[in-house]
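Proteins get letters first, then strands, A, B, ... in listed order; numbering begins at 1 in each.
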Number of protein chains: 2
Amino acid sequence: MTQKLDTGIRQEQIAQAALAVVARHGLAGLNVAAIAKLVGIVPSAIYRHFGGKDEVVEAVLGMVRERLLDNVRNVCAETSDPYERLHRLLERHLALIRANHALPRLVFSDEIYNGPPARRRMMFRTVRAYLDKVAGIVREGQEAGVVRADIEPATAAVMFLGLAQPAAILWHISSGTFDVVAHAEEAWRLFSETLRGA
Amino acid sequence: MTQKLDTGIRQEQIAQAALAVVARHGLAGLNVAAIAKLVGIVPSAIYRHFGGKDEVVEAVLGMVRERLLDNVRNVCAETSDPYERLHRLLERHLALIRANHALPRLVFSDEIYNGPPARRRMMFRTVRAYLDKVAGIVREGQEAGVVRADIEPATAAVMFLGLAQPAAILWHISSGTFDVVAHAEEAWRLFSETLRGA
DNA sequence: GCGTATTGTGAATTTACGTTCACATAGCGG
DNA sequence: CCGCTATGTGAACGTAAATTCACAATACGC
């Protein structure tokens, strides 16, 4: 029989396995059989550690949330220059997407919207938290006088997402053909020019 | 019994009904029962006109493709000023998304990636066709000397998508709370400034 | 009007999953 | 070493959804 492990450990393993499955097959392709196989246990064993598939999905969304916000925290800790912060954040966001193929699909996934309302609300809070932090970086830049003052920080934050989002789609849809990094660099150049003003 | 109609008519009705279902529940929530109910026939009748659900999905993707490209064609026919063209295209793109709630989710949908490879390729062709046309508008602007010459038209096209895409996500995820139009106007102002150059 | 191909119907079938359950077993406190 | 509780297992169950099929009814060519 498989080694018996503590529920805490198993929950961690299951959540990570689930994230891996989502990364390969999307949230729609997430099934307990696949998770169990990755963990090395039998499907029904999942229910010893989670109330059901929904709870596993919650855990996955929590992990994604943490990874996204970690990126923001890290770049903020590393430098105080707003441009350097945003530039690095963009790089890491794209790295996260590349490493975790389905991440952008997650935000859009039908399961988020068709599932329990609490799930959509949590996703909304996550995205808004991310946007708020980006907007905060922009606002600090304005207060320091290095970013144009006539730009709404919230708008800039959404536009910042817009640098990565469509590129991620294209990369996905083109099976990796589209050069995300090259586009991001060029787009960043233009976007940062805009923030700096004439 | 329900009135009998020609296969051509029924295919049209079914495709439109399917699009309506996708608009409300996403591609994952698309089921033949719902389509049949909207059309006013019984589920099994669908199979008189389509080989299966997959073919219906193909038809839906075809409709979406047409609507997207129609927008481009229309704005190009209406005016020749590149800024006016892009501005109107942005407006209509957002209108399309608002009218058809799930359109942005469609591009990202797991079913596109997990389904038959031909489906992803078709979606890729659609997006690239759209991008090519936008890039063409930008290039014309450069040739006319009204758009900065040191911008790659392809990059500008992807960035243009980035004006609408994240806003659409937010609108969706916030259940309509987020003000897409206001954001788009502000984002367009900044983006068009960037294209114009100093 | 008549017959035939086409289209609509309801029931049955199949498949894929999530979930439950009775039972087995491992690890831990005594 | 004993026994109890937590964990793992395989089989079974329920459900939802796609698809098939035998049969019925409609519309169209003659």
| Separation of dT9(C) C1' from Lys37(B) NZ (nearest whole Å) | 17 Å

| said: Looking at Arg10(A), I'd like to know whether one of its side-chain N or O atoms comes within less than 4.0 Å of OP1 or OP2 on dG8(D). | reply: yes

| task | Check the distance between dT7(D)'s P and Phe50(A)'s CZ and give it to me in whole angstrom. | result | 13 Å

| field | Touch class at under 4.0 angstrom, heavy-atom based, for Ile9(A) against every strand present | value | nothing

| d(OH, Tyr47(B); C1', dA12(C)) in whole Å | 14 Å

| Whole angstrom value for the distance that separates C1' of dA6(D) from CD1 of Ile41(A) | 14 Å

| remark: Taken to the nearest whole Å, CD/Gln3(A) to C1'/dT25(C) is 14 Å

| Touch check for Ile46(B), heavy atoms < 4.0 angstrom, all strands: base, sugar-phosphate only, or nothing? | nothing

| Within this structure, what is the CG-to-P distance between Asp6(B) and dT26(D), rounded to whole angstrom? | 18 Å

| request: Decide if atom CZ of Arg88(A) counts as having more than 12 heavy atoms of other residues, nucleotides or ligands within a radius under 6.0 Å. | output: yes

| task | On the 0 to 90° scale, with breaks at 30° and 60°, tag the His183(B)-Phe178(B) ring pair as parallel, tilted or perpendicular. | result | tilted

| remark: Separation of dA17(D) atom P from Leu27(B) atom CG, nearest Å, is 14 Å

| field | Comparing Ser44(B) and Lys4(B) on DNA chain C - which has the more 5′ nearest nucleotide | value | Lys4(B)

| query | For dA6(D), does either OP1 or OP2 sit under 4.0 Å from a side-chain N or O belonging to His49(A)? | reply | no

| message | Which is more 5' along DNA chain D, the nucleotide nearest Arg48(B) or the one nearest Leu5(B)? Just name the residue. | response | Arg48(B)

| query | Do the numbers put Arg128(B) on top of the ring of Phe124(B), so that NZ or CZ is under 6.0 Å from the six-membered ring centre and no more than 45° off the axis? | reply | yes

| message | If you compare every side-chain N and O of Thr2(B) against the phosphate oxygens of dT9(C) (OP1, OP2), does one of them come in below 4.0 Å? | response | yes

| field | Cluster check Val181(A), Val158(B): I/L/V/M/F/W/Y, side chain < 4.5 angstrom | value | no

| query | Can you tell me how far P of dG18(C) sits from CD of Glu111(A), to the nearest Å? | reply | 11 Å

| request: Find the distance between CG (Leu190(B)) and CG (Asp150(A)) and round it off to the nearest 0.5 Å. | output: 7.5 Å

